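Quick notes on the structure that follows.
One-based numbering along the sequence shown. Bear in mind the structure is a predicted one, so any value in this text is a computation, not a measurement.
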Amino acid sequence: MFRPLALLVALLTLTFVLSPLASPPFTGFRPDQLPVPQVDPPVQPAGYAFAIWGVIYLWLVASAGFGLFRRAQAQDWDHVRWPLIVSLAAGTPWLFVATRSALGAFVLIFVMLIPAIVALLRAPSRDRIWLRTPLALYAGWLTAASCVSLATVAAGYGLWFGEGVWAVIALALAFAIARWVQPKRPETPEYSATVIWALVAVVIANGSNQPGIAALAAAGAVGLGLLYWTDRHPRGV
């Protein structure tokens, strides 16, 4: 017998994964969506990086199916399901909102991010491939994407700094969030790897045009990798 929570996760996963079919393609906020148009902001990753959504979608669907048919009665999965439901419910309309309101999309992506991280931190030790891995990929990309949204919208509304400074703030924030999560799930490198994937894409997007931003993103990617290694191999152990 299916439990309501497992069924609700499965349904929301499907609405989330299928939501791109109901909205026009999204490649970033249009210049006319912001008072100060943001054309190719320096914090934006290279386009290829967004292909990771295909992996995330497929793995979330597999996880929802496994949870529905094999772990419907599992209480340890239920602890994960509550925050995941919140995140997926916010994620389903995100593309629709993003094509109409940059500010609304900015708020909504943080509503997705916070419970996604909570879900990852609650994930049990078992079922890594079926639960922790898709959650780590999902939360890792949202960590990067939410910070990109922050920088783009803040610069687009002309708040205090220009787009370059906001890019630095966003990269620092993404690193700080990842570094806070990373040691709490050291057995799940997929989270850090996804954030690093996004940071490397920022390096490639900027290249020689914004060497300072590219260097900072590269330092963040290397730093996360090295710190993950020290978390897994503490000195003297």
Side-chain angles (χ1 to χ4, degrees), residues 1-23 26 50-98 104-146 149 177-178 180-195 197-198 228 231-232:
M1 181 180 294
F2 297 141
R3 293 184 64 177
L5 283 182
L7 183 58
L8 184 56
V9 167
L11 291 174
L12 285 172
T13 299
L14 288 178
T15 61
F16 177 62
V17 169
L18 295 175
S19 63
L21 300 178
S23 299
F26 180 79
F50 294 88
I52 196 172
W53 270 119
V55 178
I56 294 171
Y57 284 151
L58 289 174
W59 223 318
L60 284 175
V61 169
S63 176
F66 183 86
L68 183 63
F69 292 104
R70 300 294 299 274
R71 295 289 185 268
Q73 310 293 327
Q75 291 187 358
D76 53 356
W77 276 62
D78 280 352
H79 290 306
V80 175
R81 286 175 176 133
W82 282 111
L84 183 58
I85 284 168
V86 175
S87 183
L88 293 173
T92 295
W94 189 86
L95 281 173
F96 178 84
V97 173
F106 158 70
V107 172
L108 206 55
I109 201 168
F110 275 92
V111 176
M112 295 167 65
L113 169 66
I114 295 170
I117 289 177
V118 172
L120 174 61
L121 297 181
R122 288 185 177 182
S125 297
R126 64 171 177 160
D127 298 326
R128 171 183 173 179
I129 297 300
W130 294 107
L131 187 58
R132 279 191 288 127
T133 293
L135 287 176
L137 295 174
Y138 178 56
W141 184 257
L142 286 177
T143 297
S146 61
S149 181
I177 295 172
W180 182 80
V181 175
Q182 189 172 254
K184 292 176 172 55
R185 297 305 326 226
E187 78 288 7
T188 311
E190 297 90 340
Y191 172 82
S192 296
T194 305
V195 179
W197 167 271
Y228 175 78
D231 290 337
R232 294 292 287 162

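- Nearest heavy atoms, A90 versus P93: O-CD, 3.2 Å.
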For the pair F16 and W94, evaluate ring-ring contact (aromatic ring centres under 6.0 Å, His included) and give the outcome as yes or no after the intermediate values. CA-CA 9 Å; F16 177 62; W94 189 86; 9.5 Å; no
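- Across all their heavy atoms, P115 and F110 have their closest contact at CD-O, 4.4 Å.
- With values rounded to the nearest 0.5 angstrom, T143 atom OG1 is found 10.5 Å from I114 atom CD1.
- Contact check for I117 versus L113: side-chain heavy atoms found under the 4.5 Å cut-off.
- With values rounded to the nearest 0.5 angstrom, S19 atom OG is found 11.0 Å from L12 atom CG.
- Residues R126 and D76 are paired through a salt bridge, judged by an N-O separation under 4.0 Å between the basic side chain and the carboxylate.
- The structure places CD of Q73 at 10.5 Å from CG of L5, a figure rounded to the nearest 0.5 Å.
- Remark: the backbone N or O of L135 is not paired with any side-chain donor or acceptor of W59 at under 3.5 angstrom.
- Between the side chain of S149 and the backbone N or O of A145, no donor-acceptor pair lies under 3.5 Å.
- A donor-acceptor contact shorter than 3.5 Å links the side chain of R132 to the backbone of P124.
- For CD of E187, the number of neighbouring non-hydrogen atoms (other residues, nucleotides, ligands) closer than 6.0 Å is greater than 12.
- Nearest heavy atoms, L142 versus A116: CD1-CB, 3.9 Å.
- The side chain to side chain contact (heavy atoms under 4.5 Å, CB included) with Y138 is formed by just one residue from the set T194, L120, L84; it is L84.
- Annotation for A64 and A10: closest pair CB-CA, 3.9 Å, computed over non-hydrogen atoms.
- Within 6.0 Å of CZ on R128 lie more than 12 heavy atoms contributed by other residues, nucleotides or ligands.
- For R122 (side chain) and W82 (main-chain N/O), no donor-acceptor pair under 3.5 Å exists by modelled atom type.
- Side-chain contact check for P20 versus Y57: some heavy-atom pair is nearer than 4.5 Å.
- To the nearest 0.5 Å, atoms CD1 (I56) and OG1 (T133) are separated by 12.0 Å.
- Annotation: F96, atom CZ; neighbour count of heavy atoms from other residues, nucleotides and ligands within 6.0 Å does not exceed 12.
- When side chains are defined from C-beta on, D78 counts as touching R3, because their heavy atoms get closer than 4.5 Å.
- Rounding to the nearest 0.5 Å gives a distance of 10.5 Å between CZ of R81 and CG of L8.
- Considering every non-hydrogen atom in both V80 and A123, the closest pair reads CG2-CA, 3.5 Å.
- To the nearest 0.5 angstrom, W77 atom CH2 is 10.5 Å from R70 atom CZ.
- Listed here is the closest heavy atom pair of A6 and A72: CB-CA, 4.0 Å.
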